[in-house]
Amino acid sequence: MGYYRRSYSRPETVNTPAAKSMLDQLAKVQNLTDWERNFVDSLAQSWVKYDSMTVNQYQTLQKLDSRHNEEAILARAAWTSSWSVANRE
(Lines give C-alpha, C1' and ligand atoms only; values in the text may rest on other atoms or scores of the structure.)
Protein backbone atom coordinates (compact mmCIF):
# COMPACT_ATOMS: atom_id res chain seq x y z
CA MET A 1 0.00 0.00 0.00
CA GLY A 2 1.55 3.29 -1.09
CA TYR A 3 1.71 6.62 0.66
CA TYR A 4 -1.22 8.13 -1.24
CA ARG A 5 -3.46 5.19 -0.59
CA ARG A 6 -2.90 5.45 3.17
CA SER A 7 -3.69 9.14 3.24
CA TYR A 8 -7.00 8.81 1.37
CA SER A 9 -10.06 8.86 3.57
CA ARG A 10 -13.55 7.95 2.49
CA PRO A 11 -16.05 10.80 2.27
CA GLU A 12 -18.81 11.06 4.85
CA THR A 13 -21.98 9.29 3.79
CA VAL A 14 -25.69 9.69 4.37
CA ASN A 15 -27.88 6.66 4.93
CA THR A 16 -31.26 7.80 6.24
CA PRO A 17 -34.84 6.85 5.40
CA ALA A 18 -35.46 10.51 4.52
CA ALA A 19 -32.71 10.44 1.88
CA LYS A 20 -34.08 7.22 0.39
CA SER A 21 -37.61 8.61 0.40
CA MET A 22 -36.47 11.80 -1.33
CA LEU A 23 -34.65 9.74 -3.95
CA ASP A 24 -37.73 7.57 -4.55
CA GLN A 25 -39.97 10.64 -4.92
CA LEU A 26 -37.61 12.29 -7.42
CA ALA A 27 -37.41 9.07 -9.44
CA LYS A 28 -41.17 9.41 -10.05
CA VAL A 29 -40.99 13.02 -11.29
CA GLN A 30 -41.67 13.31 -15.03
CA ASN A 31 -40.31 16.75 -15.88
CA LEU A 32 -36.66 16.42 -14.83
CA THR A 33 -33.96 17.72 -17.15
CA ASP A 34 -31.64 15.19 -18.78
CA TRP A 35 -28.91 15.97 -16.25
CA GLU A 36 -31.31 15.67 -13.32
CA ARG A 37 -32.72 12.38 -14.63
CA ASN A 38 -29.24 10.92 -15.13
CA PHE A 39 -28.17 12.09 -11.66
CA VAL A 40 -31.22 10.57 -9.95
CA ASP A 41 -30.89 7.30 -11.90
CA SER A 42 -27.18 7.05 -11.14
CA LEU A 43 -27.76 7.81 -7.48
CA ALA A 44 -30.51 5.17 -7.29
CA GLN A 45 -28.13 2.57 -8.74
CA SER A 46 -25.42 3.62 -6.29
CA TRP A 47 -27.90 3.39 -3.41
CA VAL A 48 -28.64 -0.22 -4.32
CA LYS A 49 -24.93 -1.01 -4.44
CA TYR A 50 -23.63 0.98 -1.45
CA ASP A 51 -26.80 1.67 0.57
CA SER A 52 -25.71 5.30 1.06
CA MET A 53 -24.71 8.52 -0.71
CA THR A 54 -22.09 11.15 -0.04
CA VAL A 55 -22.93 14.37 1.74
CA ASN A 56 -22.43 16.35 -1.49
CA GLN A 57 -24.75 14.01 -3.39
CA TYR A 58 -27.32 14.46 -0.63
CA GLN A 59 -27.04 18.24 -0.81
CA THR A 60 -27.59 18.14 -4.58
CA LEU A 61 -30.56 15.81 -4.06
CA GLN A 62 -32.04 18.32 -1.59
CA LYS A 63 -31.70 21.10 -4.18
CA LEU A 64 -33.49 18.98 -6.77
CA ASP A 65 -36.21 18.13 -4.27
CA SER A 66 -36.72 21.81 -3.46
CA ARG A 67 -37.30 22.48 -7.17
CA HIS A 68 -39.62 19.55 -7.81
CA ASN A 69 -41.58 18.99 -4.60
CA GLU A 70 -45.31 19.74 -4.41
CA GLU A 71 -44.83 23.12 -2.70
CA ALA A 72 -42.50 24.34 -5.45
CA ILE A 73 -44.85 23.14 -8.17
CA LEU A 74 -47.80 24.95 -6.53
CA ALA A 75 -45.73 28.12 -6.08
CA ARG A 76 -44.75 28.09 -9.78
CA ALA A 77 -48.36 27.51 -10.79
CA ALA A 78 -49.55 30.40 -8.61
CA TRP A 79 -46.89 32.71 -10.03
CA THR A 80 -47.76 31.70 -13.60
CA SER A 81 -51.47 32.28 -13.06
CA SER A 82 -50.89 35.68 -11.44
CA TRP A 83 -48.42 36.92 -14.07
CA SER A 84 -49.79 38.95 -16.96
CA VAL A 85 -48.45 40.94 -19.88
CA ALA A 86 -48.82 44.10 -17.78
CA ASN A 87 -46.17 42.73 -15.40
CA ARG A 88 -43.64 42.70 -18.21
CA GLU A 89 -43.65 46.50 -18.47
Side-chain angles (χ1 to χ4, degrees):
M1 185 180 287
Y3 171 78
Y4 294 107
R5 180 72 174 157
R6 281 183 291 192
S7 65
Y8 174 76
S9 62
R10 291 182 169 248
E12 292 184 40
T13 59
V14 175
N15 180 358
T16 62
K20 178 63 174 152
S21 174
M22 194 181 309
L23 183 59
D24 292 341
Q25 290 295 327
L26 281 169
K28 296 175 186 176
V29 174
Q30 297 295 320
N31 62 342
L32 296 176
T33 66
D34 289 340
W35 184 90
E36 292 169 339
R37 173 64 53 205
N38 289 334
F39 178 78
V40 170
D41 291 345
S42 174
L43 199 52
Q45 290 173 356
S46 295
W47 188 275
V48 170
K49 186 174 181 179
Y50 302 110
D51 199 36
S52 65
M53 64 182 76
T54 66
V55 172
N56 289 339
Q57 288 172 327
Y58 182 65
Q59 289 171 347
T60 303
L61 191 68
Q62 287 177 317
K63 288 178 189 176
L64 291 177
D65 183 58
S66 70
R67 286 186 212 142
H68 297 286
N69 64 19
E70 289 183 32
E71 292 174 12
I73 292 170
L74 291 174
R76 276 194 301 274
W79 181 86
T80 303
S81 65
S82 68
W83 194 87
S84 67
V85 178
N87 295 24
R88 184 184 303 184
E89 299 168 356

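Along the sequence shown, the residues carry numbers beginning at 1.
Using modelled atom types, no side-chain atom of Asp65 and backbone atom of Leu61 make a donor-acceptor pair closer than 3.5 Å. Although no hydrogens or angles enter the test, the distance criterion places a donor-acceptor pair under 3.5 Å between the side chain of Ser82 and the main chain of Ala78. At distances below 3.5 Å, at least one donor-acceptor pair connects side-chain atoms of Arg37 with backbone N or O atoms of Ala27.
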Kindly list each side-chain donor-acceptor pair under 3.5 angstrom involving residues 48-56, sequence neighbours excluded, with atom names and distances?
{"from": "Asp51", "atom 1": "OD2", "to": "Asn15", "atom 2": "ND2", "distance (Å)": "3.4"}
{"from": "Thr54", "atom 1": "OG1", "to": "Gln57", "atom 2": "N", "distance (Å)": "3.1"}
{"from": "Thr54", "atom 1": "OG1", "to": "Gln57", "atom 2": "OE1", "distance (Å)": "3.4"}

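A search for side chain to side chain contact (heavy atoms under 4.5 Å, CB included) contacts involving Ala72 returns Asn69, Arg76, not counting sequence neighbours. By the side-chain hydrogen bond (donor to acceptor under 3.5 Å, both in side chains) test, Arg67 is found to be paired with Glu36, residues two or more places apart in sequence or in another chain being considered. The side-chain hydrogen bond (donor to acceptor under 3.5 Å, both in side chains) check on Gln25 picks up nothing, with sequence neighbours excluded.
Residue pairs that meet the salt bridge (charged side-chain N to carboxylate O under 4.0 Å, His left out) test with at least one member in residues 19-32, sequence neighbours left out, are Lys20-Asp24. Note on residues 9-36: pairs passing ring-ring contact (aromatic ring centres under 6.0 Å, His included), not counting sequence neighbours, are Trp35-Phe39.
Minimum heavy-atom separation, Ala19 to Val14: CB-CG1, 4.1 Å.
Atoms CG and CG, on Leu43 and Leu64 in that order, are 9.5 Å from each other to the nearest 0.5 Å. With rounding to the nearest 0.5 angstrom, the CG atom of Leu26 is 7.0 Å from the NE2 atom of His68.
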